[in-house]
Amino acid sequence: ELYLPILTDAPFAERLAVTLGSRYSDYSNFGNTTNSKLGLEWKPFGDLLLRGTFAEVFRAPTIADLYSPISESADSYVDPCNGTTTNPNGACANVPLDGTFGQTDSQLNAFVGGNPDLTPEEARVRTLGFVYSPSFAEGLSFTVDLWTVKLENNIGSLGASNILQACYDTGNFCDLFTRDSAGEVATVDNRLSNPGRVDTSGVD
């Protein structure tokens with residue numbers, strides 16, 4: 001990591017500096033990765049500091065994420081095939097398609113625990129903000145920071161209802177559950193997975 005002062009006591013730049021950083025990691029089960037960071041600090045005059053950063057994030061699954069024992073859980077769910085007359089994406093296998101079907105239980109057998117097939121999480125983080133310290137009020141300071149995070153391959157559990165609904169709507173995750181001969185959901189694989197991405201932002 002390098003901190004590079006570019007300007008000091010210059011017009012409209014009491015301080016201008018750049019931070020550069022990079023990290024190389026080698027994992028026995030996930031290969032290697034290089035993640036970098038770029039930061040900028042600009043103090044146009046004594047009372048105001050402007051700052052921003054861009055950083056890459058990498059998180060390998062933990063031992064618990066990968067190898068926690070599989071156990072059964074009685075998960076609550078809502079079956080999207082209730083009252084259906086169609087079988088979109090094969091989501092309603094064995095369900096009577098005359099509109100009379102309704103789940104007979106609000107819970108099902110779900111398998112939860114670790115998953116050795118997990119892949120690492122990766123993210124891009126951006127921040128932009130300022131610090132205002134008015135010279136007429138010693139010790140007083142105002143800070144505002146805007147931040148955004150775009151996380152891919154996030155590690156988590158989908159949830160029984162989400163798995164069933166996604167299969168019904170899009171045909172995704174249909175291999176994660178089974179139905180019995182009467183059309184009732186018998187089991188759901190709700191172990192940890194990399195279900196998608198998370199985009200979030202905020203202001204501090």
Side-chain angles (χ1 to χ4, degrees), residues 1-68 73 75-76 112-163 165-166 190-204:
E1 186 169 355
L2 299 175
Y3 180 78
L4 305 175
I6 298 174
L7 293 174
T8 302
D9 297 328
F12 302 106
E14 183 173 304
R15 183 170 85 245
L16 179 64
V18 172
T19 301
L20 301 174
S22 192
R23 181 181 64 197
Y24 173 81
S25 304
D26 189 7
Y27 295 85
S28 60
N29 51 349
F30 296 108
N32 57 68
T33 178
T34 300
N35 301 280
S36 301
K37 177 182 73 172
L38 171 65
L40 178 66
E41 292 183 353
W42 175 35
K43 197 169 188 180
F45 52 90
D47 293 3
L48 181 65
L49 171 67
L50 305 175
R51 60 190 181 186
T53 61
F54 170 79
E56 298 173 319
V57 178
F58 180 94
R59 186 180 83 85
T62 65
I63 296 298
D65 291 337
L66 294 168
Y67 303 117
S68 290
S73 174
D75 287 10
S76 299
V112 297
N115 183 351
D117 296 325
L118 291 175
T119 60
E121 296 179 333
E122 299 184 60
R124 303 291 183 269
V125 180
R126 295 176 175 84
T127 68
L128 182 65
F130 68 86
V131 181
Y132 178 57
S133 304
S135 55
F136 58 80
E138 184 177 354
L140 181 64
S141 180
F142 298 94
T143 301
V144 176
D145 289 293
L146 292 77
W147 50 268
T148 63
V149 179
K150 294 186 176 182
L151 175 67
E152 296 180 344
N153 299 323
N154 63 297
I155 296 173
S157 298
L158 284 166
S161 289
N162 291 331
I163 291 171
Q165 193 67 53
N190 193 30
R191 294 178 299 161
L192 292 175
S193 62
N194 299 100
R197 62 179 289 166
V198 174
D199 292 349
T200 185
S201 60
V203 179
D204 294 332

Q. Does OH in Y24 sit with more than 12 non-hydrogen atoms of other residues, nucleotides or ligands closer than 6.0 Å?
A. yes
Q) Can you check whether S201 reaches L146 side chain to side chain, under 4.5 Å on heavy atoms? A) no
Q: Check the pair V198, V149 against side chain to side chain contact (heavy atoms under 4.5 Å, CB included), reporting the backbone distance first and the verdict last.
A: CA-CA 8 Å; V198 174; V149 179; over 6 Å; no
**Q.** Non-hydrogen atoms of A123 and L151 that approach each other most closely
**A.** CB-CD1, 3.7 Å
Q: Locate the shortest heavy-atom distance separating S76 from A160; write the atom from each residue and the value.
A: O-CB, 4.3 Å
(Q) Nearest 0.5 angstrom please: D75 CG to S157 OG, how far? (A) 9.0 Å
Q: Report yes if some heavy atom in the side chain of S141 is under 4.5 Å from a heavy atom in the side chain of T143; otherwise report no.
A: yes
Q: Answer yes or no: is there a side-chain heavy-atom contact under 4.5 Å between P120 and T33?
A: no
Q: Take V131 and L48 through the test side chain to side chain contact (heavy atoms under 4.5 Å, CB included) and record every step on the way to the result.
A: CA-CA 6 Å; V131 181; L48 181 65; over 6 Å; no
Q: Step by step, work out the side chain to side chain contact (heavy atoms under 4.5 Å, CB included) result for E14 and D9.
A: CA-CA 4 Å; E14 183 173 304; D9 297 328; 4.0 Å; yes
Q. Between atom CD1 of I6 and atom CG of L40, what is the distance when rounded to the nearest 0.5 Å?
A. 7.0 Å
Q.
Any heavy-atom pair between the side chains of L66 and N29 that's under 4.5 Å?
A. yes
**Q.** Interatomic distance, R15 atom CZ to K43 atom NZ [nearest 0.5 angstrom]
**A.** 5.5 Å
Q) If you round to the nearest 0.5 Å, how far is CG of L158 from CD1 of I163? A) 5.0 Å
Q. Is the count of non-hydrogen atoms from other residues, nucleotides or ligands lying under 6.0 Å from R23 atom CZ greater than 12?
A. no
Q) Hey, do the aromatic rings of F58 and Y27 have their centres closer than 6.0 Å? A) yes
Q | Point-to-point distance, once rounded to the nearest 0.5 Å, from CZ of R191 to CG of D65 | A | 13.0 Å
Q: Check N115, N153, T119 against N194 for a side-chain hydrogen bond (donor to acceptor under 3.5 Å, both in side chains) and give me the one that passes.
A: T119
**Q.** Student check: side-chain heavy atoms of E122 and E56 closer than 4.5 Å
**A.** no
Q | Min side-chain heavy-atom separation W147-T200 under 4.5 Å | A | yes
Q) Side-chain contact, heavy-atom cut-off 4.5 Å: T19 with L4? A) no
Q. Any idea which heavy atoms bring S22 and T34 closest together, and the distance?
A. OG-CG2, 3.5 Å
Q: List the steps and the verdict of side chain to side chain contact (heavy atoms under 4.5 Å, CB included) for S133 and D47.
A: CA-CA 5 Å; S133 304; D47 293 3; 5.7 Å; no
Q: Over all heavy atoms of both residues, which pair between A13 and L7 is shortest? Give the atoms and the distance, please.
A: CB-CD1, 3.9 Å
Q. Can any side-chain N or O of N190 pair as donor or acceptor with the backbone N or O of V112 at less than 3.5 Å?
A. no
**Q.** Distance in Å, K150 NZ paired with R126 CZ, rounded so as to fall on 0.5 Å steps
**A.** 6.0 Å
Q.
Side chains of V203 and V144, heavy atoms from C-beta outward: is any pair under 4.5 Å?
A. yes
Q: Looking only at non-hydrogen atoms, find the nearest pair between F130 and D145 and report the distance.
A: N-OD1, 4.4 Å
